[in-house]
Each structure stands twice: as C-alpha cells, then as structure tokens.
Amino acid sequence: MIVRWAVVSLLQARLRMLASSLAVAAAFTLVFMFRAVWEGETRQLATYLERAGADVWVMQAGVSNVHMASSFVGRAKRREVESVEGVRAAAAVLYLNSMVTFSGQRWFCYIVGIEPGQRLGAPWAMAEGRSQVQPGEVVVPGVLARVSGVGLGGSVKVGDRDLLVVGLSEETFSATNPVVFVHREDLADLLWLEGYDSCLLVQANEDTAPGELALRIEAEVDAVEAMTTEELVESDTALARQMGTQIIALMTGICAALATLLVGFTMYVHTARLGTELAVLKAMGFQRGHVYLAVVVQSSLVAASAFGLALAGTAILASLTRGLATVVAVRLTPGAVLEVAGVGALVAIVASLLLARRVASVEPATVFRT
Amino acid sequence: MSRLALGWLRLDASRSVLSVAGIAAVLAVMLLLQGVKAGLATQLRSVALDRGADLIAVQPGVSNIVGARSVLPQLARGEVEAVAGVLAAEPMTTLPLIHERDGRRTPLLLLIADTTGVPRAVEEGRVLEGEGEILIDRSLARIHGLSVGEQLEIAGYSFLIVGVVEATAALWTPLAFTNYDTLIEFYFEADLADDLSAFPLLGYLLIRLDEGTESSGVREAIEAGVPAVDVYGPEQIADNDERLGRTMLGAVLDLLIGIAWVVGLTVVGLFMFTAAEGRRRDIGVLKAIGFPARMIVGGVLAEALIVVLVAAPAGVALARVGAELVGRFAPLYLIEPLRPVSVTLAVAGLLAFSTAGSVGPLAIVRGLEPTEVFRR
C-alpha cells in the first residue's frame, strides 16, 4: 500500500517529476558521454592492429605495446622468424609516432613505413587512390583529407620532406592517432635508422594456433617479444584506458555527486509538498520505516526514469556526434551502461538518506494544523 | 521584489541551500572540465619552457619535444658551440618507455640531460648526482606507490629513485629524468636489443647564450652554419607542443566540454523550473490576495538572481577544491579551472538559464484560479 501511495503521489506531480528526471538524466548523459568518447577513441587506437592482417606481432624484447612505445628489431630477425615452423608469411613495418602537417595543420600520427607490394601492415580499405606507396608518396586517412582539404595529388609534410598523397584510406582515423602510410625508406631516412624494423607481422599456417606460434618464435629467436594480435590489442587498449582511468573515474564521481544532489533536491521539494500526507500516514499508524520506504521508492523511480532518458539522450548525442564531429569516435559498451546503472542506484539511495531526517521529523499532529 | 525573494528563500532555508548547492555543483563541473583543457596546455608548454634554454636545436623537420623523436649527429654540439654568442649547447635526449609494476603499465617520457634540462629542485629527496639514479614525477610515484630510495625497473634495468619532482607530466604521461652516464648503462644492461645503434644518444641541444646576446641573430647564424639542426626558441616549441595537445585531444575535450555546458545550463534551467514550480502554491496565494503580477515576476527573477549570485562564488570555490583534490590524489592531471574568461562565461550562462527556468512556471501560475490554491 505504501509503495502504491509513493507511485501515485509521484505521478500527481508529473510536470515537476519530468523536469527533475530530465535534469538528473542530463547529469547521467554527461557520464555516459565521457565513457563513450573515451572507449570510442581507445578502441579506434587498436583498429590498425586488428586490421593489419597479422596473427602474431614480433617486437623488440620487453616491448608489449605499439601505443606510446617504440620498438627496434634488426632486419636479420625477419629471416629467423620466417624459418620458424608454422609461419606462412612475415612482413616488416617501421613505425613512428610523430607530427604530420596537412596544409599547415599538424596532426600527431602513427607513421607506418611499408615496402611496395607489401600486403601485411598496409592499408586494407581504400576510399580513393592506391594503397601502395613509392618513395616520396603517402597514403592518408580519408577523414583527415576531408577535414584538412588535402586530397589526392596534394602534399603533406612528414618530418622535413613533402610527400605526395596517392591514396585515401578508410578506417585508419582516430582523433588521437590517425595512421598514415609512407615508403619504408622515407621513414628510415627520417629516423636516421638503417638496418632496423619496428616490428614483424606474421601470418600463421592454417593448422597453427597464433598463441602457439608466438611461443615458438620467442623460443627460437633471440631478443624478441612475440604476441598474438588479440594480446597486443588487449595490451594497447588496456594501456590507453589506464592513462584515462583516473580522470574518467573523477568525472564520473563529480557527475554522480551532481546527480545525487539533483535527485535529493527533487525529492526534497516533493516531500515538502507532501508534508501533510506524510503526517496523515504517520497518524494512520505507518511506521517510520514505511515512510522511508516510500521515499526510497520515489527516489528510485526518479533515478530510473532519468537513467532511461539518459540512455536515449546518449544515443541521440552519439549519432549527432558521428554526423557532425566525424573526428571523434563514440562507443558505449554494455559494461559502461551497467556501471552507470550502479551509480544511478547509489544516487537514489544516497538521495533518499539525505531526506531521512526531514521525513523522520514530520509530526503526525501536523495534519490538524492546515 | 528583493524582499519578496529573500522572504521566499528564508521561508524554506533547506530548499534554498539545496538550490545554491546544486547550481554551485553545476558551475564547478563546467569549470573543472574547462580546467582539464587549460591544464593540459600548461603541462605541455612546461616541457620546453622548464628546460632552462635560450634556444633549442632539433633534428630538421622536428619542432616538438613531446610526441617527437629527434636525433642529432654527435658533431652538431661542437658546431653549435662554435657559433658566436653561444655560451654552451648542452645535450638532451628523450626516450619513451613503459614502466610495469604489479600488472599495471604506465608510459613515461625519460628525459636525459646532465646539467641544463634536469630539475634543479625536488619535492622530495635530492637532485641527480651519480650513475644509475633517476628523478620521477609525483604522479608516477603515486600511481605505482614508489618513493625515494626504491628501485624503478624498466626492461630489466633498475634505476635508483633519488628524488620526486612536481608537475612534470605532459599529455597524461609522467616525465622522469636521468643523466647520460645512466643512459649508457641502461642501454648496455637493459633487455632492449642485440644492437643498440637504433637508440638515440643526442636528441636536442639546449643552447644558452652569452649574456646580452640577441637570440634571433644567433638562431639565424646556427641555422646557416649547422645544416644538421633546426633552431627554435623555447616559446615556439612550447606553442608547438600545446598545438600537438590541441590536435590530439582538442576535438575530444571540446566535445565533452560542449556537452557539459549544454547539460549544465539545461540542468540549471530545469533546477530553477522545479524550484519555482514547487512554489506554485505560494505564488497562487500571493495572486489570490491581490499581489500585482509585475511584483510576483520580479520576485521570481530576483530569487533566481540571488541564488546564482550566491552559488557562483561557491561553485568557483568548489571547482578550486576539486582541482586541488585531483592534484593531490591524481597528480598526473593538472586542472586549471579559474581562467577569468571561463568563469565569466559560465556565470553569465547560469544567470541566463536560471532566469529562463524560473520564468517558465509563471505561465502556469498565470492560468491558476485563485480558489484553486486553497484546495489540496
């Protein structure tokens, strides 16, 4: 009965409840968007690793990341790796995190050096032009070409040299680390580096499991680290996530505190209006615990409706972001939804507790005063 | 009207306090987010500006310290020092590394220099003196629970932590400092590679000029006489590093800040709407006993104004406390929330939205029958 009363009394103030739910939903939306943008960008970082075509990545010993790391593997290692049983094909890439200038605008990119005819590690989907590069040429992400206005036949500056844009690739853009492809020798010159690759991309025979092959390569080739693509993707995304974990947690905490305050405020205004009814409930013999239950139910309903509105709002914002701000990747995971749901439940309970004293102080005699 | 507003605010002090707290919290969130972006720029700039150089020589085509790999030929140092007006050209190298402890990996930028370039003051411990020593940023110490006297292990090599320095992170990556003797030892003893020729020894030259020497003239003379280097002022490199941060994270942060502003201002409007709507009965009573509509509207607006004006300093203080707490518990992130432009814009936005939110319910009240307010 008390639950029914809680729901009915809440529905009687529909306009106020809608306004309150929208306000709380706005705070939740902010949390969702933080997570969605961070997750989107983090996942985008791993796209090159996932799509480069390798089953196993071989890097300098002790290096287990591409993101925020550098790796140097002697050129002779390629032959050693190719001779390991279970290797179908191997190719080398040289890479560097550095600035690339697109018509005066500088972008921090992964610059990948490949050789002509190389498939592993080369662009896998093209919007326009060709995926193979000769010395002096470059393939850039199509998104970056659109944003900067540098198209096929234009030039971009990598280090101190101008390179001709011969291809626009797809799926290679992220706001934090777009991938551009240059000829291996151009990058080696830029790095003043002869006789080295950054990593080897290995394809396994059909009957060889990548994990098994990685172990075999580490056992047979000195001073290298071999990881399956799955492991490397996991390692890189975990590193990127760790870099932002604290700030995301802080922002989530701040927004959760704001949401708590908003739910608390809503319930405060609501219970202030219902003072007489609460007094009647107490006069009728309902215990303090029943009245608390009513407040918890109402807070939970406000938080739950806000959560639903926030999910809808986030979906709209995410699709708007994809349409308008093509440079930012947005991805909302079920895990993030569940975490925010947990925060929402906490918000409802804490907001209810804030009102406990007020509810407890309602005197049954109040009913006779008005 | 102000008396009416103050009367309403006093009538239910708890609700007024909650309104002020809510709006202050919204303002704090908006300022903190803006502060993340401002702090990121400050951190990036300080990498070049804190090196103590009058000019910085880099590999041709490179114009950053953060996010760049610069390699210079060993002979470049002598050639630069031979240019008139150059007092000294101290070597500096940067090396991106990853420290792993207890399954947690943190990327760090190791900055190697002997005299100019390394911090001369530490928050804890002492400055670099001998081989095998390292200074680490406070954020790295906190993330991994490291302290002075402990070992920092990277690629199988153990550095001895002799000091902890403050505010030397950039792009959410802590900096660490060591000297060249340690770098050589690290290259030979760490599990890096069979052949070390790929690893940089000289990346930058931190140039100090003779007193009273004009830097632009020396810069031109170096670039003309030493083709193996490009030369920039620390301010230019700081600008480039800041631009790098804007390019990498600007779109992401701007999107989040934009959403936070829209959300924040909407929340304030809805907050004031709820507050004013909750006063509907009081307003109806005033209307029933003959208060002029002008006075009621004025009272509602004055109430919104008072709430925002009280909430604004509270929100600014809350943002400042929040930034300090972040600095204490997560020193990797510098938050600078109190830029005057941000504060002014945020307060103006709050005033506009809270006013709009408060006035909304008056339309409902206008249609309210005086007798209706006496019904339950």
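These figures come from a predicted structure and were not determined experimentally. A, B, ... follow the sequence lines: proteins, then strands. Residue 1 opens every chain.
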- With a 4.5 Å cut-off on heavy-atom pairs, point out which of B:A21, B:A260, B:P107, B:G22 contacts chain A the most.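 Heavy-atom pairs under 4.5 Å are most numerous for B:P107.
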_Please check: side-chain N/O of B:Q59 versus main-chain N/O of A:L190, any donor-acceptor pairing under 3.5 Å?_
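Side chain of B:Q59 to backbone of A:L190: a pair is present.
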Contacting moiety of [X], where chain A heavy atoms sit under 4.5 Å:
X: B:V262; answer: neither
X: B:R243; answer: side chain
X: B:S63; answer: both
X: B:I98; answer: side chain

Quick one: [atom1] on [X] to [atom2] on [Y], what's the gap to the nearest 0.5 Å?
X: B:N64; Y: A:R106; atom1: CG; atom2: CZ; answer: 5.0 Å
X: B:T247; Y: A:F108; atom1: OG1; atom2: CZ; answer: 10.5 Å
X: B:E100; Y: A:S64; atom1: CD; atom2: OG; answer: 6.0 Å
X: B:R69; Y: A:L96; atom1: CZ; atom2: CG; answer: 7.5 Å
X: B:M30; Y: A:L30; atom1: CE; atom2: CG; answer: 10.5 Å

Heavy-atom proximity to chain B below 4.5 Å, by part of [X]:
X: A:T101; result: neither
X: A:S235; result: both
X: A:L191; result: both

Tell me, please, which residues at least two apart from B:R101 pass salt bridge (charged side-chain N to carboxylate O under 4.0 Å, His left out).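 Here the qualifying residues are B:E150.
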